[in-house]
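Each remark here refers to the structure printed beneath this line.
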Amino acid sequence: MANVHVMDHPLILHKLSLMRDSQTGVKEFREATREIAMLMCYEATRDLPLKTIQIETPLAHAKARVISGKKIAFVPILRAGLGMVDGMLELIPAAKVGHLGLYRDPETLQPVEYYCKLPVDIADRDVIVIDPMVATGGSAAAALQILKDKGVKNIKLMCLLSTPTGLEVVQKAHPDVDIFVAAIDEGLNEHGYIVPGLGDAGDRIFGTK
Ligand code: PRP
Ligand code: URA
């Protein structure tokens with residue numbers, strides 16, 4: 001699985017354990033989601049291209065390196081992906097944000113699209129798709145296809161939890177997409193939930209259950 005990057009940073013794993021704990025309340029769950037997203041964004045942008053410019057420090061002329069290349073857009077998959085947006089914007093405040101509404105049919109577990117609002121220049125941007133959970137992989141694979149159909153060339157996927165089969169589904173459909181995941185769990189239960197997982201990410205972020 002060459003394009004899967006598993007985050008093994010102690011801070012990420014510690015915060016993820018907090019999220020897994022069923023005793024963790026909405027406020028702490030939201031904070032941990034935001035903080036892990038920020039830490040993962042740092043890792044996922046490690047390959048951003050740099051260019052050298054000339055600046056004046058208070059003491060001398062100097063060459064300095066700044067980020068160059070295409071502009072970035074974040075695309076959260078609604079709802080749960082929204083919980084990751086603010087943390088990422090703290091690192092890249094000028095990024096544009098597109099919204100992709102997908103819900104998983106509870107019977108078939110197939111993703112259903114209900115909303116799509118993307119920056120007009122999305123095809124010219126590098127895109128990071130964000131969703132805390134990649135379970136069967138259906139929603140993430142569909143989101144990546146929707147963006148490719150709009151002309152996006154360079155896409156990364158960032159999630160907190162996944163499973164070996166979920167990652168395989170995404171990788172098979174989109175071998176060109178780098179995947180950043182905080183942890184890979186054992187598998188799915190009979191309702192398609194990640195085990196041990198953290199429950200329903202959307203419900204825990206928004207307090208709907
Ligand atoms: C969750 C999650 C993913 C999807 C993952 O969303 O946020 O989008 O399920 O499952 P999959 O990999 O099997 O497709 P959900 O459909 O529960 O919608 P919500 O965020 O609105 O609660
Ligand atoms: N969606 C979630 O929110 N949690 C899971 O475990 C699976 C899908």
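In what follows, every heavy atom counts, from backbone to side chain, and hydrogens, waters and symmetry copies are set aside. Counting convention: from 1, in listed order, for ligands and their atoms alike. Along the sequence shown, residues carry numbers from 1.
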Among all protein heavy atoms in this structure, tell me which lies nearest to [atom], with the distance rounded to 0.1 Å.
| atom | result |
| --- | --- |
| atom 8 (C) of ligand 2 | Arg104 NH2, 3.6 Å |
| atom 6 (O) of ligand 2 | Ile194 N, 2.8 Å |
| atom 5 (C) of ligand 2 | Tyr193 CD2, 3.3 Å |

>> Check Asp200 with Arg104, please: is the shortest side-chain N to carboxylate O separation under 4.0 Å?
In response: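 Between Asp200 and Arg104 there is no salt bridge, as every charged N stays at least 4.0 Å from the carboxylate O atoms.
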Show the short N or O contacts, below 3.5 Å, that ligand 1 makes with protein N or O atoms; if there are none, say 'none'.
from	atom 1	to	atom 2	distance (Å)
ligand 1	7 (O)	Asp131	OD1	2.8
ligand 1	8 (O)	Asp131	OD2	2.4
ligand 1	12 (O)	Ala135	N	2.8
ligand 1	12 (O)	Thr136	N	3.1
ligand 1	12 (O)	Gly137	N	2.9
ligand 1	13 (O)	Arg104	NH1	2.8
ligand 1	13 (O)	Thr136	N	2.9
ligand 1	13 (O)	Thr136	OG1	2.5
ligand 1	14 (O)	Ser139	N	2.9
ligand 1	14 (O)	Ser139	OG	2.6
ligand 1	16 (O)	Arg104	N	2.8
ligand 1	20 (O)	Arg79	N	3.1
ligand 1	20 (O)	Ala80	N	3.2
ligand 1	21 (O)	Arg79	N	3.3
ligand 1	21 (O)	Arg79	NE	3.1
ligand 1	22 (O)	Arg79	NE	3.3
ligand 1	22 (O)	Arg79	NH2	2.9

> Gly199 near ligand 2, heavy-atom distance under 4.0 Å?
Replying inline: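 Contact present.
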> Which distance, rounded to the nearest 0.5 Å, do you find between the CG of Leu161 and the CD1 of Ile184?
Replying inline: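 Nearest 0.5 Å value for the CG-CD1 distance: 10.0 Å.
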I'd like to check which ligand 2 atoms, numbered from 1 as shown, lie under 4.0 Å from a non-hydrogen atom of [X].
| X | answer |
| --- | --- |
| Gly192 | 7 (C) |
| Ala135 | 7 (C), 8 (C) |
| Ala201 | 2 (C), 3 (O) |

>> Please check if the number of heavy atoms outside Asp8 that lie under 6.0 Å from its CG is greater than 12.
In response: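 Count not over threshold, so no.
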> Parallel under 30°, tilted from 30 to 60°, perpendicular over 60°: which one fits the rings of Tyr103 and Tyr114?
Replying inline: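 Because their plane-to-plane angle lies in the 30° to 60° range, the rings of Tyr103 and Tyr114 count as tilted.
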> Would you say the side-chain atoms of Glu56 and His61 include a donor-acceptor pair closer than 3.5 Å?
Replying inline: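 Yes.
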> Can you tell if the side chain of Ile128 reaches within under 4.5 Å of the side chain of Val75, non-hydrogen atoms only?
Replying inline: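 No, side chains not in contact.
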